[in-house]
Amino acid sequence: MPAMGHGHHHHDHGHDHGHSHAHATPPERWDHVFAIGIALNLAYLVAEGIAGFLFDSVALLADAGHNLSDVLGLAVAWGGAALARAAPSKRFTYGLKGSTILAALANALLLLVAIGAIALEAVQRFGSAPAVPGLTVSAIAAIGIVVNALTAWLFARGRQGDVNVRGAYLHMLADALVSAGVVVAGVVIWMTGAAWIDPLVSLIIAVMIFWQTWGLLRETVEMSLAAVPRGIDYDQVKAALAALPGVEAVHDLHIWPMSTTEPSLTAHLRMPAGHPGDAFLATVADMLHHQFRIGHTTVQVETGTACALADDTRV
């Protein structure tokens with residue numbers, strides 16, 4: 001399998017990173033934002049958990065469990081942002097970027113355990129639901145709306161330019177709505193005296209957490225198995241490479257996540273007319289960056305004998 005050329009190009013330093021933005025917020029600035037967001041949610045989590053035990057409200061405890069997912073989610077996102085800046089080594093040639101995938105997977109599994117505990121407690125309380133001070137529950141949950149909305153606002157500026165930050169923003173915005181649901185439940189309990197509404201709301205919250213967690217679990221398992229990242233169409237990428245001038249065929253194409261935010265690609269391009277030079281490799285990397293947001297690209301140009309990996313069923 002003669003390899004007449006090998007292109008590995010990254011923007012600004014011989015490499016092209018698809019997640020870079022000309023006016024992106026400096027990574028160090030997000031350290032402060034993540035720290036503030038985690039501190040706010042952790043303080044509220046502790047206060048809500050204590051209130052849930054004191055007032056015997058499983059709805060508050062369920063929402064506290066949901067807010068625990070906020071803290072873990074923000075911590076994972078922060079860890080990903082920090083690890084993305086770590087330098088590679090001879091042992092870990094991609095750095096520790098892949099640990100963000102493992103952290104997200106562990107986060108999802110822990111959340112599934114928490115959901116089971118919340119649901120079990122709620123079901124057991126349906127038969128003998130204790131009296132719950134509805135207005136107190138509503139007041140505590142209302143604080144959660146403020147905390148989650150404020151945290152979402154902290155991430156609002158970067159949500160357009162960074163998938164990691166956008167995920168944190170959307171998570172916090174959704175959680176503000178969950179807290180709003182607890183507020184409504186507290187008011188209904190106060191007006192009607194129907195204590196069963198408390199465990200019912202906790203079950204609804206558990207379902208909402210499960211819905212978010214199941215999506216996270218599926219995606220992180222896919223990432224762990226080096227699946228093509230969601231949002232990238234394999235056939236479209238292959239067609240774009242095949243349409244490049246001088247390319248007769250594309251094979252051994254692989255697209256996988258290097259981290260939760262950085263996709264990578266390797267491909268063999270058959271070009272019988274000869275190696276087109278480094279400018280062509282730079283053009284390929286540029287195209288993949290702008291069209292598909294693929295930032296880490298390695299291309300091998302082949303001009304002679306057929307490649308042993310030309311069969312797409314082989315790796």
Side-chain angles (χ1 to χ4, degrees), residues 33-34 36-75 77 107 110-156 167-214 216:
V33 175
F34 278 117
I36 293 171
I38 289 174
L40 284 173
N41 281 272
L42 192 59
Y44 177 67
L45 161 67
V46 172
E48 189 175 34
I50 292 173
F53 280 112
L54 290 178
F55 297 112
D56 212 15
S57 170
V58 71
L60 280 179
L61 292 175
D63 194 37
H66 195 193
N67 283 306
L68 175 60
S69 77
D70 298 344
V71 174
L72 293 175
L74 290 174
N107 190 353
L110 288 172
L111 282 171
L112 288 177
V113 174
I115 291 167
I118 291 170
L120 178 62
E121 179 68 16
V123 169
Q124 290 175 343
R125 292 204 176 197
F126 265 114
S128 56
V132 175
L135 288 183
T136 302
V137 169
S138 293
I140 295 170
I143 298 173
I145 297 177
V146 175
V147 170
N148 288 317
L150 177 58
T151 308
W153 175 78
L154 290 173
F155 291 102
Y169 167 79
L170 292 175
H171 194 168
M172 301 312 304
L173 198 60
D175 293 340
L177 297 177
V178 172
S179 293
V182 177
V183 170
V184 173
V187 172
V188 173
I189 292 172
W190 172 69
M191 294 177 63
T192 65
W196 56 266
I197 291 176
D198 183 68
L200 176 62
V201 170
S202 71
L203 280 177
I204 294 173
I205 293 174
V207 170
M208 293 180 68
I209 302 172
F210 178 79
W211 185 259
Q212 286 184 330
T213 303
W214 183 249
L216 175 64

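Heavy atoms only: backbone and side chains are in, while hydrogens, waters and symmetry mates are out. Fair warning: this is a prediction, and the values are worked out from it, not measured in the lab.
- Listed by chain and number, the residues in a side-chain contact (heavy atoms from CB on, under 4.5 Å) with L120 are Q124 (sequence neighbours excluded).
- Qualifying side-chain contact (heavy atoms from CB on, under 4.5 Å) partners for L54, counting only residues two or more places apart in sequence or in other chains: I50.
- Judged as a side-chain contact (heavy atoms from CB on, under 4.5 Å), and not counting sequence neighbours, A149 has no contacts.
- When all heavy atoms of V183 and S138 are compared, the pair lying nearest together is O-OG, 2.7 Å.
- In summary, of the residues considered (L68, L150, V147), a side-chain contact (heavy atoms from CB on, under 4.5 Å) with N41 occurs for V147 alone.
- Atom CD1 of residue I197 and atom OG1 of residue T192 lie 4.0 Å apart, to the nearest 0.5 angstrom.
- Two residues are said to be in side-chain contact when any heavy atoms from C-beta on lie closer than 4.5 Å; L154 and F34 fail this criterion.
- In this structure, the separation between OH on Y44 and CG on L42 is 13.5 Å, given to the nearest 0.5 Å.
- Of the inter-residue distances, the one linking F155 atom CZ with I36 atom CD1 reads 9.0 Å to the nearest 0.5 angstrom.
- Annotation: the span from N148 atom CG to W153 atom CH2 amounts to 15.5 Å, rounded to 0.5 Å.
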